[in-house]
Amino acid sequence: MSSRELILGRVRRALADVQPDDTPYEQAVPRGYLREHGDLSVEETVELLAENLADYRAIVHRTDTAGLAGTIAGLLAAHGSSTVLVPPGLPQEWLAATETARVADRVESTPDELDQVDSVITACALAIAETGTIVLDGSPDQGRRRITLVPDHHICVVRVPDQVVSSVPQALERLDPTRPLTWISGPSATSDIELDRVEGVHGPRTLEVVLVAPSVD
Amino acid sequence: MSGTFVGMPAFPKAAHEAVHNTTLRGNLRHATHTIRGKRAKAVMEMSDWAELRDAGKRIKDHTLRHLDRYLVQLEESVTAAGGTVHWAADADEANRIVTYLVKATGESEVVKVKSMATQEIGLNEALEAEDIHAYETDLAELIVQLGKDRPSHILVPAIHRNRGEIRDIFAREMSEWGRPAPEGLTDSPAELAEAARLHLREKFLRAKVGVSGANFMVADTGTLVVVESEGNGRMCLTLPETLISVVGIEKIVPTWQDLEVFLQTLPRSSTAERMNPYTSTWTGTTDSETADGPSTFHLVLIDNGRTDTLADEVGRQALRCIRCSACLNVCPVYERAGGHAYGSVYPGPIGAILSPQLRGTASEIDASLPYASSLCGACYEVCPVAIDIPEVLVHLRERVAQGGPATEKGNKVVLKPAKGHAAERAAMRAARWALSHPGALRTGQRLASRTRRLHPRTLPGPGKAWSASRDLPAVPAEPFRDWWQRTNGGRTNGGKQEGTK
């Protein structure tokens, strides 16, 4: 007998007390919990996102579409970056104001090559206000997971308010499980020394989130 | 300190030694009290915590009650997404499978994400025996591995170490394993984290094989979820060419939507954060054109005592555990005894009910674990999936003391009463007789009162062990029933007891 059959057989014998008419999944789980916490306006939800991002030591910047290229150029300059990783589908105009050398996100790149790059800039799939989380799903404007992992400086652009949801349940509804997802809440951190939080371990030690609103004109 | 749990003494002996270690007690007290306060605050933010807790419990219960169906569904989903599923009935088989898979890649080292399942099966030791080096990459696991130590906490395996001890371990040991610790390393947590970053980076960048566990597996999509803080998880899950995930069969949830419950309750319960810094989800492998992450993915599903646990209708709730460790942080026994005394990778209250079920109650340590509790119930209060740990502890005490039906390696067995409990059973039989014979009880109580000055502080003979950690109750000068009769229930004679000072 294979171990598969062995284990499944053990499971079935262990569950001899479960009747065939046991409550089905749809009725077994009460979903009385909230879809979102509080009744915030769109502006307040964006404000909450900014607050919670900052609370976990992400650096938050606010601008509009017209100011975005300038903001990004400023961040790269302030960080002293001479190279920046760029996913293939990143809108060209975001980098219109910077001279920083672009490095493409290529399948052939080795981890060591990525380790030589100063910064990475991406869009995101969505952001969650209640938890201060940005989620990447590997779309062309976000690139492979590793490009936002190996470089030490990550700039992530969130289009507000369109890409902002209030809660974790709302986020999961909008995400595609078949894509590799990375949920990011602040820069990498650890609580492993005396259960006290310290920022900056293996992931990017600096996370800058740019909240970009449509220009009013 | 040896790196193994084999041959551990019973809990009372190990705990007795641990409570005399003042550094350990200080470290644990500091850490558990810090996290307790933070957790309470993080939970308070959620007005629907009770509903989330109930939903989490129901999702897990439902899944366990139909585990065969969900396992088959998961296997189909993972396979359809490009992964390969392996089944391991016990630790040895799981280790053999992983060793084989690593050897098939031609590599002789792997990087590991912190995983309870691989600790449980002793994977690192099994790989080492085949000349494959497994590098732990979680900071606390690194501290444990470099210190040739054992984990003492589910979430923070090095919780028993303070910053000074960690500095010393890094300064002494890092050079043996790779890049040495920086010159002049101090005990500031930021510097220690930086030292770990530098030490591990070269290992991440050259790694070809990653080994992980998973916090959740979604049956309907085949998605695996790893929740972490440092980014070492992301490194192991995305940089290597081959990923091997070793996961207990109870880690399944039926649907993608179910994650909306646990991704709210787990971070707040474990690190007391609204959300942990990084959560990775992946479903099989990606197409070669858009390749992102490992091109080969193996999922090793392990039983190793879980189906035996599932067979116990009271004990099976332990399989709901999502390994948050909130129960450890609130436990007065854990805080004083520390994690090593539990003799298992699962310490604390959840360990006290999980280890004796996964491993059986035959060994001295496992038979003693259900007693490693004062039954105060704090663990049940904080559990995000509402595991009634005191209920299971009492149930397992009964199994140890009285014996009875249980399941071992899938076979129904009848356990004999444990040896050490003969005196307890004799005492209980005597008590049953005395309590059902009021005349004898009265005579005995009066006799006890009159001879109270002669009573020893500890029990002799077989009762010695019991009174080693407990004070015998003081016998009153007059039995309660005599007092009640004499004073008409306290209404006459001032209700005072004769002989009280």
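Computed from a prediction, not measured in an experiment: that's the story for all the values here. Order of the sequence lines sets the chain letters (A, B, ...), proteins ahead of strands, with each chain counted from 1.
For the residue pair Thr223(B) / Thr283(B), a side-chain donor-acceptor distance below 3.5 Å is found, with atom types taken as modelled. In summary, the side chains of His62(B) and Asp22(A) do not present any donor paired with an acceptor at a separation below 3.5 Å, with no hydrogens or angles considered. A donor and an acceptor atom, one from each side chain of Glu260(B) and Tyr33(A), are located under 3.5 Å apart. Looking at Gln170(A) and Glu173(A), their side chains never bring a donor and an acceptor atom within 3.5 Å of each other. Donor-acceptor pairing under 3.5 Å is recorded for the side chains of Asp48(B) and His37(A). When only modelled atom types and interatomic distance are considered, Thr110(A) and Asp112(A) share no side-chain donor-acceptor pair under 3.5 Å.
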Show your reasoning for whether side-chain contact (heavy atoms from CB on, under 4.5 Å) applies to Lys38(B) and Thr271(B).
-> CA-CA 8 Å; Lys38(B) 285 188 193 164; Thr271(B) 49; over 6 Å; no
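The candidate with the highest count of non-hydrogen atom pairs below 4.5 Å against chain A, out of Asn329(B), Thr34(B), Ile143(B), Asn162(B), is Asn162(B). For the set Asp152(A), Leu114(A), Val107(A), the count of heavy-atom pairs under 4.5 angstrom toward chain B peaks at Asp152(A). Options Pro180(A), Pro177(A), Pro30(A) differ in how many heavy-atom pairs under 4.5 Å they form with chain B, and the most are formed by Pro177(A). Counting heavy-atom pairs closer than 4.5 Å to chain A, the top residue among Thr286(B), Leu198(B), Ile249(B), Asn276(B) is Asn276(B). Ranking Thr182(A), Ile147(A), Leu172(A), Leu175(A) against chain B, the residue ahead of the rest is Leu172(A), based on heavy-atom pairs under 4.5 Å. Contact count versus chain A (heavy atoms, under 4.5 Å) is highest, among Pro189(B), Pro277(B), Ser47(B), Ala272(B), for Pro277(B). Ranked by non-hydrogen atom pairs under 4.5 Å with chain B, the options Asp17(A), Val198(A), Val29(A) are led by Asp17(A). Of the listed residues Ile128(A), Asn52(A), Thr178(A), the one with more heavy-atom pairs under 4.5 angstrom with chain B than any other is Asn52(A). Listed options Val156(B), Thr238(B), Thr281(B) were ranked by heavy-atom pairs under 4.5 angstrom with chain A; first place goes to Thr281(B). Here Leu181(A) is the residue among Leu181(A), Asp115(A), Leu34(A) with the most heavy-atom pairs under 4.5 Å with chain B. Residue with the most contacts toward chain A among Glu45(B), Glu51(B), Arg306(B): Glu51(B) (heavy-atom pairs, distance under 4.5 Å). The candidate from Met275(B), Arg316(B), Arg197(B) with the greatest count of non-hydrogen atom pairs under 4.5 Å with chain A is Arg197(B).
If you measure heavy-atom distances from Leu71(B) to chain A, the contacts under 4.5 Å come from the side chain alone. Proximity to chain A is limited to the backbone of Thr137(B), based on heavy atoms less than 4.5 angstrom apart. Proximity to chain A (any heavy atom under 4.5 Å) is shown, for Asn27(B), by neither the backbone nor the side chain. Contacts of Ala291(B) with chain A are made by both backbone and side-chain atoms, with heavy-atom separations under 4.5 Å. In this structure, chain B has heavy atoms under 4.5 Å from both the backbone and the side chain of Val11(A). For Val18(A), the parts sitting under 4.5 Å from any heavy atom of chain B are the backbone and the side chain alike. Proximity to chain A (any heavy atom under 4.5 Å) is restricted, for Arg201(B), to the side chain, taken from C-beta onward. Thr23(A) touches chain B through its backbone: at least one of N, CA, C or O sits under 4.5 Å from a heavy atom, while the side chain does not. Only the side chain of Ile159(B) comes within contact range of chain A, judged by heavy atoms closer than 4.5 Å. With a threshold of 4.5 angstrom between heavy atoms, Thr133(A) approaches chain B through side-chain atoms but not through N, CA, C or O. Both the backbone and the side chain of Leu310(B) come within contact range of chain A, judged by heavy atoms closer than 4.5 Å. If you measure heavy-atom distances from Tyr56(A) to chain B, the contacts under 4.5 Å come from the side chain alone. In this structure, no portion of Leu207(A) lies under 4.5 Å from any heavy atom of chain B. Proximity to chain B is limited to the side chain of Leu6(A), based on heavy atoms less than 4.5 angstrom apart. Both the backbone and the side chain of Glu273(B) have a heavy atom closer than 4.5 Å to some heavy atom of chain A. Within the 4.5 angstrom heavy-atom criterion, only backbone atoms of Arg179(A) (N, CA, C, O) approach chain B. Proximity to chain B is absent for every atom of Arg57(A), based on heavy atoms less than 4.5 angstrom apart. Within the 4.5 angstrom heavy-atom criterion, only side-chain atoms of Tyr70(B), from C-beta onward, approach chain A. Of the two parts of Ala88(B), only the backbone, made up of N, CA, C and O, holds a non-hydrogen atom closer than 4.5 Å to a non-hydrogen atom of chain A.
Interatomic distance, OG1 of Thr407(B) versus CZ of Arg13(A), reported as 9.0 Å (0.5 Å rounding).
Sorted pairs that involve residues 220-232 of chain B and meet salt bridge (Lys or Arg N to Asp or Glu O under 4.0 Å), not counting sequence neighbours, are lacking altogether. Contacts classified as salt bridge (Lys or Arg N to Asp or Glu O under 4.0 Å) and involving residues 54-64 of chain B (residues at least two apart or in different chains) are given here: Asp54(B)-Arg58(B), Asp61(B)-Arg320(B).
When atom types are taken as modelled, the side chain of Gln163(A) and the backbone of Cys124(A) share a donor-acceptor pair closer than 3.5 angstrom. A donor-acceptor pair under 3.5 Å is formed between the side chain of Ser77(B) and the backbone N or O of Ala219(B). Counting only distance, with no hydrogens or angles, the side chain of Asp308(B) and the backbone of Gly410(B) share a donor-acceptor pair below 3.5 Å.
Annotation: side chain of Leu142(B) is in contact with side chain of Phe170(B) (closest heavy-atom distance under 4.5 Å). Between Arg234(B) and Ser188(A) there is no side-chain heavy-atom pair separated by less than 4.5 Å. A heavy-atom distance below 4.5 Å is found between the side chains of Arg4(A) and Val72(B).
With sequence neighbours left out, the salt bridge (Lys or Arg N to Asp or Glu O under 4.0 Å) criterion links Asp55(A) to Arg274(B).
A salt bridge links Arg31(A) with Asp258(B): at least one charged nitrogen is closer than 4.0 Å to a carboxylate oxygen. Under 4.0 Å is where a charged nitrogen must lie from a carboxylate oxygen, and between Glu5(A) and Arg12(A) no such pair does.
Residues of residues 135-142 of chain A never come within less than 4.5 angstrom of chain B, heavy atom to heavy atom.
In this structure, Arg29(B) places its CZ atom where only 12 or fewer heavy-atom neighbours from other residues, nucleotides or ligands lie under 6.0 Å away.
Of all heavy-atom pairs between Ala129(A) and Thr45(A), the closest is CB-O, 3.4 Å.
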